[in-house]
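Written out below as structure tokens is the structure these notes cover.
Within every chain, numbering begins at 1; the chains are lettered A, B, ... in the order of the sequence lines, protein sequences first and strands thereafter.
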Amino acid sequence: MSAEQDMIRIYIMGKAYEVPGGLTIMKAMEYAGYRLVRGVGCRGGFCGACATVFRRAGDYKLYADLACQATAEDEMYIAQIPSVPAERASWVLTELAPEDNPILALYPEVARCVACNTCTRACPQELEVMDYIQAALRGDIPQVAELSFDCVQCGLCAMRCPAEIVHYHVGQLARRIYGAYRAPEAGHLAARVQETARGDFDQELDKLEQMSKDELVELYRKRDVES
Amino acid sequence: MADAYPRSMRESIGRVEATRPERMEVEPQRLSLEERREVLDSFHPDYKEGGKRKLLVGPSRGEFVPHEMADLLEAYPLIDPDQVDLGQVDHEVDVLIIGGGGAGTVAALSAHEAGIPADRILITTKLRHGDSNSMMAQGGIQAADKEHDSPPIHYLDVLGGGHFGNDPQLVRALVNDAPEVIRWHEKLGVMYDKDTDGRMLTIHGGGTSRKRMHSAKDYTGLEIMRVVRDEALSRGIRCLEFCPTVELIRDDQGQVCGAVLWNLETEEYTVVRAKATVLATGGWGRLHIQGFPTSNHYGATADGLVLAYRAGAGLRDLDSVQYHPTGAAFPEQIVGLLITEKVRGMGAQPLNVDGALFVHPLEPRDVESGAFIRECSSPEQGGRGNGVVTPTGMVGIWLDTPMVDIIHGPGTFKRELSAIWRMYARFDIDPATDPVLTYPTLHYQNGGVVIDATGATAVPGLFAGGEVSGGIHGKNRLMGNSLLDFNVFGRRAGIAAAEWARQAKPGRPTLEHAANYAQELQGAGVDRERKAPSVLPEYRGERTLARMVDLI
């Protein structure tokens, strides 16, 4: 196959560029000559910086994905979302009681959910976004925490929602309540923190810190490895 | 659906499947210290001739660093000191934190907890708050909090992994603070993987002697970063985004007392005056040392090392680069992206083209990577020539991912390693049923700015924490100690900066150190065109770059 046959045409903010096929949207934009400042971050699907919307030729639907993960296609019309305007409600974890369910008080717009499922369809992580908003309405914090866990906070759900809900802020609130107050505490951890605070390991660490390299190597060779 | 793997790779997968039942019965052998040394000397890129050079100027003159790093350290300031009016102060704070990733955000929270009011703290960052390698860490965080484990046992693992080149005081701080860090996270609401009684689910990482790897699925870094950032927001700590630092400011006593920032979008400079400054700018993956792909964030361009070095801080262990053994090698779109070590921690084995296991799955990362490169290199290069070749000519090693579900039960991979599962599902590969192809990827900066156990650098008023600092991991970091590092040393640097700010009396601000450094460079005959920090990597197409002209 010749190099020319490999090329595809994409439209970046409406302007046509020829780029090699098989690149991610992000790499295709860079190939075309864009030096990205917005719409770029970890480049590995974790940070949510590169929320992107696009249409395909002959298809009325508006699609949403991460530019660093989705592959550019011939005749794709691409625009990135440089920033998602969305206010985080003002709340402090330590001022909440463990049994509190402040979601509706802090984000009353959750009650406006019309169950259209647009958020779920927009999610590049393929999370059940609408389901966790419905769980939030029922006050089921563990369910919101679990269903929203893989959220990269790109904001595409919030940009598409006809009820103007900011789903990812709701998920963050529920996860922190769950992690801090609902999940059982690690007893072994609390015990170990008491021991380190008391200085229980200080003597042993003093000894290690003073050891010569040879002594340390010898100790390292002899160490037992948990199977 | 068409097979995502071409026929030659599919045939090799057949051999992987054929050897699987037998491999599952045998406990893999670990290498001795001598065997580890042999692999490193012969095949790790750090030990290859010609990859590094001695620094010509500055506090660490004479030390070897990779050429890509030396090019930035031996470079002139981006901004002409004469163009900047330091008298026009835009922000005046007690504690300035440069870098909005894990270390920076933890430093801000810790300075706040140490008594600095939120409006006297300022985080500045090159891209968005949270943009960092911290966000991308997948597999876990180490802490010796189980009954049969202890900080001293953790200590020995860290030293052995780092080839005993670590700073003992820093290692001690790392292992001793670890349980407290996890407890702090628990209280902030980080959702660690636990059993129904609250007991942490922990597994091995490469080079650990106890199962002390705590995780939040394979989104551990994302979960920690989301929580600490949210906590900073709730406390009203400000973050100035899209404002990379281009120079530190020192006073006439040589103390660091702020920074000059540059707005990436409006291209104007901003002057921040501060009593104490914390450097938390992360690492260097985007320098693509020796041409390797990287698992790192777009912003990982080693800016902080350049700034600190010019201001007089020493650097250490920058001769050692961490290549993570399992970067993706197929398909082409995801080459270099990380496949967490947790996959091997859960039982997946690395295999050659014949489906044979050639190294223990959990050697320290540098040894494991060296063994991968040996297996893939041709016999002419001294290697074994047993790699799997892709249609684009990449060579790689199979990671036998289906073993995870065979060992832990159907559905485990998709549930507990959902980030990796999702990454491959986009290309019609199901890692729960087919192995995935891997090759080492540039992952971490083992060394960095010299700090003491409080996070203080040699320059008064300048503190550092996280990947930008060195000494903690010696010549090789173990899995799960970077998330721990940025929490422990971000916290220590934040507290030390708060204490410093309470008594600091900054004098007249200047950029003389930058001008002096430029003179030194000139004396050493360094090309005037070379400038740093680099701020962003250059990925634009060659055609565009060749035709670019600056007109308006």
Chain A interface, residue from Leu159(B), Leu188(B), Asp131(B), Asn133(B) that has the most non-hydrogen pairs under 4.5 Å
Leu188(B)
Mind ranking Val171(B), Leu156(B), Asp145(B) by heavy-atom pairs under 4.5 Å with chain A and telling me who comes out on top?
Asp145(B)
Got Gln333(B) and Leu23(A) here, is their nearest side-chain heavy-atom distance under 4.5 Å?
no
By a 4.5 Å heavy-atom criterion (distance strictly below it), what part of Leu127(B) contacts chain A: side chain, backbone, both, or neither?
side chain
Between the main-chain N or O of Val92(A) and the side-chain N or O of Arg235(B), is there a donor-acceptor pair closer than 3.5 Å?
no
Might you work through the side chain to side chain contact (heavy atoms under 4.5 Å, CB included) test for Val175(B) and Leu205(A), ending with a clear yes or no?
CA-CA 10 Å; Val175(B) 300; Leu205(A) 287 167; 4.2 Å; yes
Pick one of side chain, backbone, both or neither for Leu337(B), based on which atoms fall under 4.5 Å of a heavy atom in chain A.
side chain
Find the one option among Glu185(A), Gln210(A), Glu195(A), Lys213(A) whose heavy-atom pairs under 4.5 Å with chain B are most numerous.
Glu185(A)
Any donor and acceptor pair, going by atom type alone, linking the side chain of Arg183(B) with main-chain N or O of Ala186(A) inside 3.5 Å?
no
Tell me whether Arg38(A) forms a cation-pi arrangement with Phe242(B), defined as NZ or CZ under 6.0 Å from the six-membered ring centre and within 45 degrees of its axis.
yes
Check whether any side-chain heavy atom of Cys42(A) sits under 4.5 Å from a side-chain heavy atom of His297(B), and report yes or no.
yes
Note, Cys47(A) side chain near Met225(B) side chain (heavy atom, < 4.5 Å):
no
Portion of Tyr539(B) that has a non-hydrogen atom of chain A nearer than 4.5 angstrom
both
Under 4.5 Å from any heavy atom of chain B, what part of Pro20(A) do you find: side chain, backbone, both or neither?
neither
Go through the atoms of Glu223(B) and report whether side chain, backbone, both or neither lie under 4.5 Å from a heavy atom of chain A.
side chain
Identify the two heavy atoms, one from Pro537(B) and one from Arg35(A), that lie closest to each other, and give their separation to 0.1 Å.
O-NH2, 3.3 Å
Residue part contacting chain A, namely of Val190(B), when any heavy atom lies under 4.5 Å
backbone
Side chains of Asn176(B) and Thr196(A): donor-acceptor distance under 3.5 Å anywhere?
no
Which region of Glu542(B), side chain (C-beta onward) or backbone (N, CA, C, O), has a non-hydrogen atom less than 4.5 Å from a non-hydrogen atom of chain A, or is it both or neither?
neither
Heavy-atom nearest pair, Asp150(A) first then Ser418(B), reads OD2-OG, 2.6 Å
Let me know if Val19(A) has heavy atoms under 4.5 Å from chain B in its side chain, its backbone, both or neither.
neither
Examine whether an atom of Ala32(A) lies under 4.5 Å from a heavy atom of chain B, and if so say whether it belongs to the side chain, the backbone or both; otherwise answer neither.
backbone
Could you look at Asp197(B) and say if it's the side chain, the backbone, both or neither that has a heavy atom under 4.5 Å from chain A?
backbone
Is Asp157(B) paired with Arg223(A) through a side-chain N to carboxylate O contact shorter than 4.0 Å?
yes
Going by residue number, which parts of residues 78-91 of chain A are within reach of chain B, meaning a heavy-atom gap below 4.5 Å?
Arg88(A), Trp91(A)
Could you please spell out the steps behind the salt bridge (charged side-chain N to carboxylate O under 4.0 Å, His left out) verdict for Arg426(B) and Asp65(A)?
CA-CA 11 Å; Arg426(B) 282 176 174 275; Asp65(A) 212 331; 2.7 Å; yes
Count the heavy-atom pairs under 4.5 Å between each of Leu189(A), Val193(A), Leu216(A) and chain B, then report the option with the highest count.
Leu189(A)
Proximity breakdown for Asp200(A) and chain B, heavy-atom pairs closer than 4.5 Å
neither
Any side-chain heavy-atom pair of Tyr178(A) and Met191(B) under 4.5 Å:
yes
Under 4.5 Å from a heavy atom of chain B, the part of Lys27(A) involved:
side chain
Do Val225(A) and Arg210(B) make a side-chain contact, defined as non-hydrogen atoms from C-beta onward lying under 4.5 Å apart?
no
Is it the side chain or the backbone of Leu222(B) that comes within 4.5 Å of chain A heavy atoms, both, or neither?
side chain
Selection from Arg176(A), Gln125(A), Met29(A) maximising heavy-atom pairs under 4.5 Å formed with chain B:
Arg176(A)
Pairwise distance CD1(Ile153(B)) to CG(Leu219(A)) - rounded to 0.5 angstrom
11.0 Å
Per-residue contact mode, His185(B) against chain A (heavy atom under 4.5 angstrom)
neither
Donor-acceptor pair between Gln172(A) and Arg229(B) side chains, under 3.5 angstrom
no
Heavy-atom contact with chain A under 4.5 Å, split by part of Ser32(B):
neither
Going by an N to O cut-off under 4.0 Å, is there a salt bridge joining Asp202(A) and Arg172(B)?
yes
What are the two closest heavy atoms between Gly33(A) and Thr544(B), and how far apart are they?
CA-OG1, 3.4 Å
Counting heavy-atom pairs under 4.5 Å with chain A, the top scorer among Asp195(B), Asn296(B), Asp230(B) is Asp230(B)
Looking at Arg182(A), Glu204(A), Gln69(A), which makes the most heavy-atom pairs under 4.5 Å with chain B?
Gln69(A)
Could Lys146(B) and Glu226(A) be called an ion pair, given the rule that one side-chain N must be under 4.0 Å from one carboxylate O?
no
Residue Leu536(B) versus chain A: region with a heavy atom under 4.5 Å:
both
Heavy-atom cut-off 4.5 Å, strictly under: side chain, backbone, both or neither for Arg199(B) against chain A?
both
With rounding to the nearest 0.5 Å, note down the distance linking OH in Tyr298(B) to CE in Met26(A).
8.5 Å
How many angstroms lie between atom CG of Leu36(A) and atom CZ of Arg540(B), to the nearest 0.5 angstrom?
10.0 Å
Considering only heavy atoms, which portion of Glu265(B) lies under 4.5 Å from any heavy atom of chain A: side chain, backbone, both, or neither?
side chain
Contacting region of Leu173(A) [heavy-atom separation from chain B under 4.5 Å]:
neither
Counting heavy-atom pairs under 4.5 Å with chain B, the top scorer among Glu30(A), Glu126(A), Gln153(A) is Glu30(A)
At a heavy-atom separation under 4.5 Å, does Phe427(B) approach chain A through its side chain, its backbone, both, or neither?
side chain
Working for side chain to side chain contact (heavy atoms under 4.5 Å, CB included), residues Phe164(B) and Tyr220(A)
CA-CA 10 Å; Phe164(B) 305 91; Tyr220(A) 187 76; 3.8 Å; yes
N-O pairing of Glu180(B) and Arg192(A) below 4.0 Å:
no
Distance under 6.0 Å and angle within 45° of ring axis: Arg226(B) vs Phe149(A)
yes
Do side-chain atoms of His188(A) reach the backbone of Gly198(B) as a donor and acceptor pair under 3.5 angstrom?
no
Nearest heavy-atom neighbours spanning Phe46(A) and Asp218(B)
CE2-O, 4.0 Å
Would you call Arg543(B) and Glu18(A) a salt bridge, using N to O less than 4.0 angstrom?
no
Measure Cys151(A) against the heavy atoms of chain B and call it side chain, backbone, both or neither at under 4.5 Å.
both
